[in-house]
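Scroll down for the structure; my scribbles are underneath it.
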There are 2 protein chains.
Amino acid sequence: MKISQLAKTTNVASKTIRYYEEIGLLPEAYRNDNGYREYSASDIERLVFIRRCRELQIPLEQIKTLIAVQVDQKSSCQEVDALIDQQLDKVRKTIAELTLLEQTLHTLATSCPNDKVGDCQILKNLQQE
Amino acid sequence: MKISQLAKTTNVASKTIRYYEEIGLLPEAYRNDNGYREYSASDIERLVFIRRCRELQIPLEQIKTLIAVQVDQKSSCQEVDALIDQQLDKVRKTIAELTLLEQTLHTLATSCPNDKVGDCQILKNLQQE
DNA sequence: GTTGACCTTACTGTGACTGGAAGGTTTATT
DNA sequence: AATAAACCTTCCAGTCACAGTAAGGTCAAC
């Protein structure tokens with residue numbers, strides 16, 4: 001299967017697939033006589049795994065770790081658990097921050113009953129420390 | 001006042017101040033005989049305004065607009081209102097997305113009772129489409 | 001034989017900075 | 001007066017995860 005077929009199957013852009021290979025997230029692809037990359041079914045699996053991780057906003061470097069860990073099936077999956085926990089933590093912190101931000105923006109949005117820049121309460125609030 | 005004083009007063013790194021000048025968010029600073037940038041009180045105001053906007057995650061380009069709008073005090077502040085509304089919208093959408101993500105991560109985090117990579121339910125779930 | 005859809009590499013740009021190198025100036029201490 | 005530290009300057013590279021574009025090679029269909 002050529003790169004655009006793999007792209008379609010996995011929902012990952014060809015460009016992104018080449019990029020993943022470049023940074024070593026994917027192994028170097030086998031090349032046809034014409035120099036085109038040729039992929040197999042196992043490449044689909046690996047790429048879907050990566051895509052799912054990215055959907056969870058796991059950074060590429062950590063995905064590398066997750067892939068490396070899977071080599072030894074008998075090793076502990078503690079690292080995997082920790083990584084997901086850590087990711088969950090990060091997401092929760094971001095949600096908390098954004099919720100505060102939403103409050104501030106909402107207050108700000110409803111603060112200006114005027115229509116001239118000179119009186120604009122929003123702009124005045126933005127000047128405050 | 002020199003740049004590090006302005007940085008301390010406004011809580012914006014010197015490096016960032018130079019960057020803002022470079023991209024035209026701040027006007028070119030007056031220079032002393034020795035070539036050092038020299039700032040005044042009005043620079044503090046402007047920089048605090050920018051910092052506040054950044055805290056609200058307003059992009060630098062939009063902050064440029066907000067600054068430009070303030071020149072004519074008699075013009076309508078409709079653009080300001082719209083920009084804040086738009087920002088509020090974006091934040092709410094992000095919160096919604098992250099809340100879904102949190103769910104997924106939480107489910108994933110509690111899915112693996114094993115301790116060997118070969119049986120790891122998390123890894124298996126990540127393989128799924 | 002030529003069009004169009006692929007494929008390749010290489011380089012640039014994104015946003016909002018941050019880090020570091022290499023060098024000049026000022027201030028404080030010895 | 002010498003030296004050290006704490007500033008200041010510009011310029012270039014790096015971050016993250018790609019996306020855009022250019023310039024060129026290949027392949028199948030008409």
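So you know, we letter chains A, B, ... as the sequences are listed, proteins then strands, and number each from 1.
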State the [atom1]-[atom2] distance between [X] and [Y], to the nearest 0.5 angstrom.
X	Y	atom1	atom2	value
B:Leu126	B:Gln121	CG	CD	10.5 Å
A:Glu61	A:Ile23	CD	CD1	7.0 Å
B:Lys116	A:Cys77	NZ	SG	8.0 Å
A:Cys112	A:Leu123	SG	CG	7.5 Å

Checklist line | Contact interval (first through last nucleotide) of DNA chain D with protein chain A, 4.0 Å heavy-atom | finding: D:dA17 to D:dC27
Margin query: Using only atom types and a distance under 3.5 Å, with no angle test, would you say the side chain of A:Gln87 pairs donor to acceptor with the backbone of A:Leu56?
Written below: yes
Checklist line | Pair A:Arg37 + A:Glu28: basic N to acidic O under 4.0 Å | finding: no
Checklist line | Salt-bridge contact B:Glu55-B:Arg51 (side-chain N to carboxylate O under 4.0 Å) | finding: yes
Notebook entry, point to check: Looking for any heavy atom pair under 4.0 Å, which part of the strands does A:Ile23 touch: base, sugar-phosphate only, or nothing?
Noted result: nothing
Next item on the list: In whole angstrom, give the distance that lies between atom CG of A:Asp33 and atom P of C:dC7.
Entry: 17 Å
Next item on the list: Using atom CD of A:Glu21 as one end and atom P of C:dA10 as the other, report the distance to the nearest whole Å.
Entry: 12 Å
Item checked: Base versus backbone protein contacts along nucleotides 12-25 of chain C [heavy-atom cut-off under 4.0 Å; B, S, -] -> ----BBBBB---BB
Item checked: Contacts of type salt bridge (charged side-chain N to carboxylate O under 4.0 Å, His left out), residue B:Arg92, not counting sequence neighbours -> A:Glu102
